[in-house]
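What follows is a set of notes on a single structure, which appears directly below.
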Amino acid sequence: MNGADVMVKCLEAEGVKDVFGYPGVAIAPFYNSILESDINSILVRTEQSSAHAASGYARAYNNDRPGVCAVTSGPGATNLITGIATAFADSIPMICITGQVKTDLLGSDVFQEADITGACESFVKYSYLVKDVEDLPRVFKEAFHVASTGRKGPVLIDVPIDVQQATVRNFKYPDKVEMRTYKPTVKGNGAQMAKVIRELEKAKKPLICAGGGVLLSKGKYELLSFAEKNHIPVVTTMMGISVVPTEHELCFGMVGNNGKAYANKAMSEADLIMVVGARVADRAVNQPELITKGKVMIHIDVDPAEIGKIAGPSIPLVGDAQAIFAELDTKEFESDYSEWLKTLNEYKVTYARKRHPNPEYVDPAGFINLLSHKMQKDAIYIADVGQNQIWSCDNVCIREGKFMTTGGMGTMGYSIPAAIGAKKRRPERQVVAVCGDGSFQMSMCELATAKQHNIPTKIVVLTNGYLGMVREYQHFTYQDKYSVVDLSGNPDLEKLSSAYDIPFVRVSKMDEAEAAIDQFLANDESYIMEAIIDPMDLVK
């Protein structure tokens with residue numbers, strides 16, 4: 001048995017079924033050994049997509065199993081960097097395997113050498129450069145443990161080709177992990193939770209702000225149970241969308257500079273805010289003093305480094321959201337927030353965004369709302385980056401399913417490979433990727449991946465002929481002085497779909513939308529639907 005065989009055995013021991021990647025000489029031993037395994041190798045068309053697909057794979061099933069990607073050294077590894085950074089920003093558990101040049105050539109600037117562990121140091125949870133083949137079982141065991149516990153994230157394993165080729169006499173995968181310096185806190189401090197309950201008893205206008213960490217912890221049901229039991233309204237960050245069903249009576253939308261006006265109003269007027277699994281980053285809270293001044297702020301996060309980093313809480317509470325809310329839900333306290341809920345429901349009406357769409361085009365807001373209502377209740381909706389993302393956040397209806405996007409990094413081209421990964425992991429679920437014509441072209445090569453590996457992929461393209469979000473910024477900032485945002489030269493999507501033998505439908509006006517959506521969702525095959533929207537439409 002050689003090192004490459006050991007790598008595959010380690011993946012098998014962790015229950016890995018699929019690996020997304022792109023081969024090359026430095027990772028060839030691994031891909032040769034995987035042929036003797038039941039693990040599926042899925043060839044993407046560019047390395048960045050392997051990370052996005054692994055991300056979608058992990059997120060589609062409650063992040064309980066890291067997605068895995070494997071690429072070669074040099075440009076293969078450097079192409080992976082954007083996907084790794086995207087996963088790190090959103091705390092997605094991933095194992096990223098890279099091939100590397102021979103150990104004795106490290107640092108010699110030989111062909112296709114790149115210091116990938118050094119390059120990724122600031123946006124991996126942990127990284128390994130394996131120089132001894134005997135270390136592989138321990139490294140893989142630790143990597144899966146680190147990626148999937150505490151604050152989840154990507155772990156990089158860089159394996160030189162000679163380590164993959166080296167002989168191992170005996171293989172034994174460790175039964176447990178022993179890392180003296182890595183012991184994440186899961187259970188919340190009892191004294192701090194008692195303070196939370198006391199403050200809730202005193203509060204008149206409490207609010208829960210749920211972030212993506214709630215989903216990562218698999219704690220959305222515990223949080224919702226606590227909110228329902230005590231009648232506490234909930235807002236979310238972008239990454240927290242789908243913690244609470246969109247049409248739930250306690251859901252008051254997404255906060256932030258692109259969020260619901262009534263959600264931001266709720267944040268402003270609340271006298272107690274429970275921030276859960278969120279970084280309080282600038283897109284969600286651009287003025288941190290608004291959630292701390294004159295309020296009780298409770299910050300719950302599994303990563304102690306995030307608590308107080310931007311806004312100082314009254315009560316810091318380190319721990320896993322699922323464990324904390326399961327415990328809080330057992331506590332009884334007297335409260336009556338009916339007047340507060342009545343006020344917020346009035347704000348929902350008075351602060352509702354009023355749009356005046358151009359009737360000559362498809363209204364993206366109305367289209368997304370209609371599409372999401374017609375999708376299956378447990379469907380997975382994946383938004384890309386740009387105006388399509390903001391329209392999706394503002395108008396999507398999530399019931400029992402999931403909303404996925406790239407929040408922290410805002411990486412265009414995410415949705416199609418993520419949809420491929422999500423569908424591979426959850427073939428029984430309906431999965432739809434929604435993107436703009438700009439982000440679509442960043443990963444349209446992955447249509448070949450979906451076709452080759454028979455992964456039904458449904459894609460909606462909102463076409464306006466511009467990099468719409470940048471054009472909108474230039475509209476407001478530079479008074480319609482547009483620079484490098486015109487997408488003239490776009491491909492004809494009908495012809496492109498035909499080239500990949502994928503069914504296609506185009507929608508030009510809203511009165512065509514319902515029939516087209518029904519056609520698009522009618523079965524589980526791959527499908528591309530293009531909606532033509534007003535080039536000058538704005539999300540604000």
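Numbering starts at 1 and runs along the sequence shown. The figures here come from the full heavy-atom set of this structure, side chains too, leaving out hydrogens, waters and symmetry mates.
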Note to self: Looking only at side-chain N and O atoms, does His52 offer a donor or acceptor that is under 3.5 Å from a partner on Glu446?
What the structure shows: no
Checklist line | Partner set under side-chain hydrogen bond (donor to acceptor under 3.5 Å, both in side chains) for Ser392, not counting sequence neighbours | finding: Tyr381
Checklist line | Validation row: Met238, Cys393 side chains within 4.5 angstrom (heavy atoms) | finding: yes
Next item on the list: Could you tell me which non-hydrogen atom of Gly150 sits nearest to which non-hydrogen atom of Tyr182, and how far apart they are?
Entry: N-OH, 3.9 Å
Next item on the list: Considering only NZ, NE, NH1 and NH2 on the basic side and carboxylate oxygens on the acidic side, decide whether Lys265 and Glu269 come within less than 4.0 Å.
Entry: yes
Check: What pairs with Asp384 under side-chain hydrogen bond (donor to acceptor under 3.5 Å, both in side chains), at least two apart in sequence or on another chain?
Finding: Ser415
Notebook entry, point to check: Just by distance, with hydrogens left out, do Tyr128 and Glu142 show a side-chain donor and acceptor under 3.5 Å apart?
Noted result: yes
Next item on the list: Not counting sequence neighbours, which residues clear salt bridge (charged side-chain N to carboxylate O under 4.0 Å, His left out) with Glu249? List them please.
Entry: none
Notebook entry, point to check: Who passes side chain to side chain contact (heavy atoms under 4.5 Å, CB included) against Lys187, sequence neighbours left out?
Noted result: none
Next item on the list: With sequence neighbours excluded, tell me which residues meet side chain to side chain contact (heavy atoms under 4.5 Å, CB included) with Thr117.
Entry: Asp115, Ser127, Leu129, Leu156, Asp158
Notebook entry, point to check: Are a donor atom and an acceptor atom from the side chains of Glu247 and His373 found within less than 3.5 Å of each other?
Noted result: yes
Checklist line | Lys125 with Asp303: basic N within carboxylate O range, under 4.0 Å | finding: no
Check: Has the side chain of Asp18 got a donor or acceptor atom that lies under 3.5 Å from a matching backbone atom of Lys424?
Finding: no
Checklist line | Pairs where residues 397-411 contributes a residue and the test salt bridge (Lys or Arg N to Asp or Glu O under 4.0 Å) is met, not counting sequence neighbours | finding: none
Note to self: As a quick check of understanding, evaluate salt bridge (charged side-chain N to carboxylate O under 4.0 Å, His left out) for Glu222 and Lys220, giving each step before the final call.
What the structure shows: CA-CA 5 Å; Glu222 287 78 5; Lys220 73 173 191 175; over 6 Å; no
Next item on the list: Could you pull out all residues at least two apart from Ser73 that satisfy side-chain hydrogen bond (donor to acceptor under 3.5 Å, both in side chains)?
Entry: none
Notebook entry, point to check: What residues form a salt bridge (charged side-chain N to carboxylate O under 4.0 Å, His left out) with Glu306, not counting sequence neighbours?
Noted result: Arg151, Lys309
Checklist line | Contacts of type salt bridge (charged side-chain N to carboxylate O under 4.0 Å, His left out), residue Glu121, not counting sequence neighbours | finding: none
Notebook entry, point to check: Between Arg429 and Asp378, is there a salt bridge with N-O shorter than 4.0 Å?
Noted result: yes
Item checked: ring-ring contact (aromatic ring centres under 6.0 Å, His included) involving Tyr22 - partner list, sequence neighbours excluded -> none
Notebook entry, point to check: Would Arg180 and Glu178 pass as an ion pair if we require N to O under 4.0 Å?
Noted result: no
Check: With sequence neighbours left out, what residues match Arg425 under salt bridge (charged side-chain N to carboxylate O under 4.0 Å, His left out)?
Finding: none
Checklist line | For Asp135, side-chain hydrogen bond (donor to acceptor under 3.5 Å, both in side chains) partners two or more places apart | finding: none
